[in-house]
Protein chains: 2
Amino acid sequence: METKTPKSAETRARIQNVAVELFARNGYRGTTMRSIAAASGLSLGNAYYYFPSKEALVRDLARGLVDEQVRAARPRLRSGNNLRDNIQVVFDAALDALAPFHECGTVLLRAAIGNDEASDVSRAKEFALWRQAVAASLPQPPAAIRGDLPELLWLVQRGLVIFWAYDGSPDAERSRRLAANAASLMARLAVLSRLPVVRHIVDDVIGVVRNVESDRPKMGS
Amino acid sequence: METKTPKSAETRARIQNVAVELFARNGYRGTTMRSIAAASGLSLGNAYYYFPSKEALVRDLARGLVDEQVRAARPRLRSGNNLRDNIQVVFDAALDALAPFHECGTVLLRAAIGNDEASDVSRAKEFALWRQAVAASLPQPPAAIRGDLPELLWLVQRGLVIFWAYDGSPDAERSRRLAANAASLMARLAVLSRLPVVRHIVDDVIGVVRNVESDRPKMGS
DNA sequence: ACAGGTTTTTAAACTTGTTCAAAACCGGAT
DNA sequence: ATCCGGTTTTGAACAAGTTTAAAAACCTGT
């Protein structure tokens, strides 16, 4: 169902390129399907032949953002940063990748939160990134929490993205500030999780999240 | 700028009543401005004379939800429940009030998160409710956290509402589950906050939130 | 009662996302 | 060359949010 024809794939790609350009320049509302079609040298209906809706179009574009985040973050995780810095790196990479799409905030959220196959893939990629961020930090966080930390950080990132989506401050500076503060906080929390009380609380939080998040109907009939 | 004429106010109210009816019956997408106007016995343009947009209309309706939540919750807080139960009461009241508007999720969020004068009022009402929920619980939470607990709970509620907005499960049962779990968790956390470590973490979280949330440009040029 | 202004109402347009039936195109089998 | 089935493209239409110019209704002071 992917590429019927080489030309078809090329046209599809052209639409996406034009779209990302126009979205970045004129925002989500400011970019009309008609303008995308026109700038791609196609008729309106033709764009709809390739993408069933405007939302689907940006959703497809959003898929690429995760890869961009990973590309930007991974090289900066190599060295033995401390945990706080590594968290910050990943946060920054996320906000950088999202920046051009600020106006599509809620559409992106539906894409990110949605539970179809494609977002499972994205989730997996982000998870891997967080695992690496934790693994690459010196000193290593306490063993007790090392396993759950990536999940926890991934969760905090999701919160950050939601905040960003509704953040109206210029250049999303409030989101930047939140990212910096949250990075410090989480690093400190990781250290403290050596204490059983703290550890229990973290466990509870993770438990709540798992319980609520987990009953997504997996593939099958 | 509020009510130019008694009749004007009456018409405005009629639109709102009809709208809440139609939204509840046919959902957000299923309710058109034209249908609202028609059911109100007005012309389309006339509805727009009273409300600058469909979003603004539901935003205004959303304002009333806070009052409904308070009305529903307050009587059930009277007795000396324990903290967990009181938290649950307020959560449930929120989800009950929101229920008919599930389809307007993101629109409501923009309204709730937006930082204009009107949402300041709503915030204040919710805050008062949470203060009462804490004050009415037996045993009282540790003095150290009693002051900040309402703010913290308010924050968790906001998270719950965001989750609800994107919750596609039937009858928002996942949100209900989250509410129950979060209520337990927060109650336990309150008790634990007697311990200095926990208290410090809570302080940090509140600090982050305050720092990020507080620089809303208040009135004045 | 009436002129002058303000508020309310209307009808018609405009915009933009989306759909659809018909046409144009293309590569292979006859 | 011609027909065929599938793919791509088009142009027109529709639906619903939004805007607007002008008419109608209303008020108020004379």
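Here the structure is a predicted model, which is why all the values come from computation and not from measurement. Just so it is clear, the values below take in all heavy atoms, side chains as well, and ignore hydrogens, waters and symmetry mates. Lettering of chains follows the sequences in order, A, B, ..., and the numbering in each one begins at 1.
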### Message
Quiz question: by atom type and distance under 3.5 Å, do the side chains of B:Gln157 and B:Trp130 form a donor-acceptor pair?
### Response
yes
Given atom [atom1] of [X] and atom [atom2] of [N], what is their separation to the nearest angstrom?
X	N	atom1	atom2	answer
A:Lys54	C:dT19	NZ	C1'	17 Å
A:Tyr50	D:dT7	OH	P	12 Å
B:Leu57	D:dT18	CG	P	10 Å

### Query
At how many degrees, to 10°, do the end axes of the helix from C:dA1-D:dT30 to C:dT30-D:dA1 meet when each uses five pairs?
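Axis-to-axis angle, ends of the helix: 30°.
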### Summary
Residues passing the salt bridge (charged side-chain N to carboxylate O under 4.0 Å, His left out) test with A:Arg176, sequence neighbours excluded, are A:Asp92, A:Asp96
### Salt-bridge criterion met for B:Arg12 and B:Asp60 (N-O under 4.0 Å)
yes
### Task
Could you check B:Asp167 against B:Ser175 for side-chain hydrogen bond (donor to acceptor under 3.5 Å, both in side chains), going step by step and ending with a plain yes or no?
CA-CA 7 Å; B:Asp167 176 5; B:Ser175 297; 2.7 Å; yes
### Message
Strictly below 4.0 Å: does B:Tyr49 bring a side-chain N or O up to OP1 or OP2 of C:dT8?
### Response
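Result: yes.
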### Message
Taking only side-chain N and O atoms of A:Tyr48, does any of them lie within less than 4.0 angstrom of OP1 or OP2 on D:dT9?
### Response
no
### Query
Where do A:Trp164 and A:Phe101 come nearest, in terms of heavy atoms and distance?
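In terms of heavy atoms, the two residues are closest at CH2-O, 3.7 Å.
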### Partner set under side-chain hydrogen bond (donor to acceptor under 3.5 Å, both in side chains) for B:Asp171, not counting sequence neighbours
none
#### Entry: Contacts of B:Arg84 that satisfy side-chain contact (heavy atoms from CB on, under 4.5 Å) - sequence neighbours left out
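Checked B:Arg84 against side-chain contact (heavy atoms from CB on, under 4.5 Å); matches are B:Asn82, B:Gln88, B:Ala183, B:Ser184, B:Ala187.
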### Task
Identify whether any heavy atom of B:Phe51 sits under 4.0 Å from a base atom; if not, whether one sits that close to sugar-phosphate; answer base, sugar-phosphate or nothing.
nothing
For residues 19-31 of chain A, tabulate all N or O donor-acceptor pairs below 3.5 Å that involve a side-chain atom, not counting sequence neighbours.
| from | atom 1 | to | atom 2 | distance (Å) |
| --- | --- | --- | --- | --- |
| A:Thr31 | OG1 | A:Leu22 | O | 3.1 |
| A:Thr31 | OG1 | A:Gly27 | O | 2.6 |

### Task
List in numerical order all residues of residues 24-47 of chain A for which some heavy atom is under 4.0 Å away from an atom belonging to DNA chain C.
A:Thr31, A:Thr32, A:Met33, A:Arg34, A:Leu44
